[in-house]
Number of protein chains: 2
Amino acid sequence: MAPPPHAPARRADAQRNIDAILDAAVESFARRPDTTLAEIAKAAGVGRVTLYGHFASRADLVDAAMARVLEQGDAVLGSLELDGDPAEVLERLITASWRLIHQSRSLLVAAQKELSSARIRDLHAGPAARAERLLARGQSEGVFRSDLPTSWLVATLHSVLHGAADEINAGRLKPEDAARTVSLTILAAFAAR
Amino acid sequence: MAPPPHAPARRADAQRNIDAILDAAVESFARRPDTTLAEIAKAAGVGRVTLYGHFASRADLVDAAMARVLEQGDAVLGSLELDGDPAEVLERLITASWRLIHQSRSLLVAAQKELSSARIRDLHAGPAARAERLLARGQSEGVFRSDLPTSWLVATLHSVLHGAADEINAGRLKPEDAARTVSLTILAAFAAR
DNA sequence: TTGAACTCAAACACCATTGTTTGAGTTATG
DNA sequence: CATAACTCAAACAATGGTGTTTGAGTTCAA
């Protein structure tokens, strides 16, 4: 939602509403992937017409919400120190990113319905590349196993993180145990023999 | 779809159509969790009205399709020899059940939208109990790690199997490699230190 | 062979959601 | 303060799916 260069400046109240809508969208989608735009507008304290004034369609809004979440996520991951023992770094990466995934996995479901898979891949490019780089380095340093492709390790990390979110929703896993549990599982699965 | 006791016998053509509808439903949902009933009827070579004649609502059909798939799955799992080294048994269980999961994971998505989570849990009870028993035995025999709850191991197995299906869909994993890849990952993750 | 069970296409009512229009009111900004 | 930007409720059209009814035809089963 950065203003395009040389565009007429947006008014402050409009920008505030756009932010409120995006916040509400992220929160509403987190609860239910098939939320209606009416609900989002209401949650944002804004009329439905105003929402359509800023986002031309449902897909547009999903795209913008997704972009915002992934942008924030990438910022969090970017603040991590990626040098040092890959196993330790991975543990920190899991801890840092797990809550992010927990909060936005329903948004991903909505995105899968509304956006092309190419678009979703593009939106994920930043965070995915960070994880992939770390795992590949761990493999080349002999810390992580090399009998499985790096892409599979990325996928496994992804799956287990999402699985942890499901377990919390099912009441079988305490949120404060999640990062530790995932780490114990993933580190054992990835360790070189 | 077993005829209730003392009900007037169902005619053979009706039973054939019911089977065709269920087959088509399983197959259609596998492609798209939000398939329409019209598509399913068409795929079954049957009129939409006929479908409604046998299944009162969309939820009814999803429930029946889900029950059929899980019943078949439970039968497959039931034919496995569950005694012996837990690690070897787990490997066989993964191989036996993975294609099943691959084929019906979109159906599960449909079920999550249409059925209560309690109902879904009940439908899964059979297969889930088999996996849980095996994992618990492995833990008590010291073959599998005991620093994580059995329910988490079940969840992890579930997540990774579904992740493999996603990887195949994304073209990054060859179907014939799936069972082996999942086994290598899971056995490392579950092994006692 | 006869009646009940079953099938079907067509047409229907229904409902929720998306996206648009209008026209009057409000608020930021120069 | 004047103007353009913005907001809003209400009402609208369009869409697409669900579930029902009808009435005529077909197929099973005794």
Side-chain angles (χ1 to χ4, degrees), chain A residues 1-4 6-25 28-29 31-65 106-107 109-115, chain B residues 1-4 6-25 28-29 31-65 106-107 109-115:
Chain A
M1 278 296 109
H6 296 295
R10 222 197 311 266
R11 249 173 56 174
D13 54 347
Q15 187 57 54
R16 231 175 314 144
N17 279 336
I18 289 174
D19 288 340
I21 290 169
L22 284 175
D23 285 346
S28 300
F29 279 123
R31 267 201 302 273
R32 213 156 43 86
D34 53 349
T35 326
T36 63
L37 299 193
E39 269 181 271
I40 294 173
K42 190 177 172 188
V46 139
R48 212 163 59 90
V49 180
T50 301
L51 191 156
Y52 275 103
H54 293 301
F55 303 95
S57 70
R58 166 175 256 265
D60 247 51
L61 179 57
V62 171
D63 192 298
S106 285
L107 176 58
V109 172
Q112 279 163 348
K113 187 180 236 146
E114 223 71 42
L115 273 35
Chain B
M1 277 296 109
H6 297 296
R10 215 189 326 257
R11 249 172 56 175
D13 54 347
Q15 186 58 53
R16 229 175 326 168
N17 280 336
I18 289 174
D19 288 340
I21 290 169
L22 284 176
D23 285 346
S28 300
F29 279 123
R31 268 201 301 274
R32 214 155 42 84
D34 53 350
T35 327
T36 63
L37 299 193
E39 269 182 271
I40 294 174
K42 189 178 173 188
V46 139
R48 213 163 58 90
V49 180
T50 302
L51 192 156
Y52 275 105
H54 294 301
F55 302 95
S57 70
R58 166 175 257 263
D60 247 49
L61 179 56
V62 171
D63 193 297
S106 284
L107 176 58
V109 172
Q112 280 163 347
K113 187 181 234 147
E114 223 71 41
L115 272 36

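Keep in mind that the numbers below use all heavy atoms, side chains included, and drop hydrogens, waters and symmetry copies. Here the structure is a predicted model, which is why all the values come from computation and not from measurement. Each chain gets a letter, A, B and so on, in the order its sequence line appears, and its residues count up from 1.
The two residues A/Phe29 and A/Ala110 have their closest heavy-atom pair at CD2-CB, 3.8 Å. Taking both residues in full, the closest heavy atoms of B/Glu114 and B/Ala59 are given as CG-CA, 3.5 Å, listed atom of the first, atom of the second, then distance. Closest heavy-atom contact between A/Arg58 and A/Pro33: NH1-O, 4.2 Å. Nearest heavy-atom pair, B/Ala25 versus B/Ala65, reported as atom, atom and distance to 0.1 Å: CB-CB, 4.3 Å. Residues B/Ile40 and B/Ile21 approach most closely at CG2-O, 3.9 Å, considering heavy atoms.
In the interface, the side chain of A/Arg48 is paired with the base of C/dG19 through a donor and an acceptor atom under 3.5 Å apart.
Counting only distance, with no hydrogens or angles, the side chain of A/Thr35 and the backbone of A/Ser28 share a donor-acceptor pair below 3.5 Å.
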Got a list of protein N/O to nucleotides 28-30 of chain C N/O distances below 3.5 Å?
residue	atom	partner	partner atom	Å
C/dT29	OP1	A/Ala12	N	3.0

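The A/Ser57 side chain lies nearest to C/dG19 when the options are C/dG19, D/dC8, D/dT18. Closest to the side chain of B/Ala14, out of D/dC8, C/dC6, C/dC8, is C/dC6. Which of D/dG19, D/dT7, C/dA9 sits closest to the side chain of B/Val49 comes down to C/dA9. The A/Leu37 side chain lies nearest to C/dT18 when the options are D/dG19, D/dT7, C/dT18.
For the pair B/Phe55/B/Asp63, no side-chain contact is recorded, criterion being any heavy-atom separation below 4.5 Å from C-beta on.
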Using the side chain to side chain contact (heavy atoms under 4.5 Å, CB included) rule, take A/Leu61 and A/Leu22 through it: C-alpha gap first, then chi angles, then the decisive distance, then the call. CA-CA 8 Å; A/Leu61 179 57; A/Leu22 284 175; 4.0 Å; yes

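A salt bridge (Lys or Arg N to Asp or Glu O under 4.0 Å) with B/Asp13 holds for exactly one of B/Arg11, B/Arg10, B/Arg16; it is B/Arg11.
Note that CG of B/Leu107 is 10.0 Å distant from CD of B/Gln112, once rounded to the nearest 0.5 Å.
When the side-chain nitrogen and oxygen atoms of B/Thr36 are compared with OP1 and OP2 of D/dG17, none of them lie within a distance under 4.0 Å. Put simply, B/His54 has a side-chain N or O that comes within less than 4.0 Å of OP1 or OP2 on C/dT7.
Each end of the helix from C/dT1-D/dA30 to C/dG30-D/dC1 gets its own axis from five base pairs, and the two axes differ in direction by 30°, given to 10 degrees.
Atom CD1 in B/Ile21 sits about 11 Å away from atom C1' in C/dT7, given to the nearest Å. Atom pair B/Arg58:CZ and D/dT20:P shows a separation of 15 Å (rounding to whole Å applied). Following rounding to the nearest Å, B/Leu51 (CG) and C/dA9 (C1') show an atom-to-atom distance of 15 Å. Spacing between atom NZ of A/Lys42 and atom C1' of D/dT7 amounts to 19 Å, rounded to whole angstrom units. Rounded to whole angstrom, the span from the CG atom of A/Asp34 across to the P atom of C/dT17 amounts to 9 Å. Between the CG atom of B/Asn17 and the P atom of D/dC28 there is a distance of 10 Å, given to the nearest Å. One interatomic measurement links the two molecules: CD of A/Glu114 to P of C/dT17, which rounds to 14 Å at whole-angstrom precision. Here the C1' atom of nucleotide D/dT7 and the CD atom of A/Gln15 are 16 Å apart, to the nearest Å.
Two residues, B/Tyr52 and A/Thr50, neighbour DNA chain D, and the one matched to the more 5' nucleotide by heavy-atom proximity is A/Thr50.
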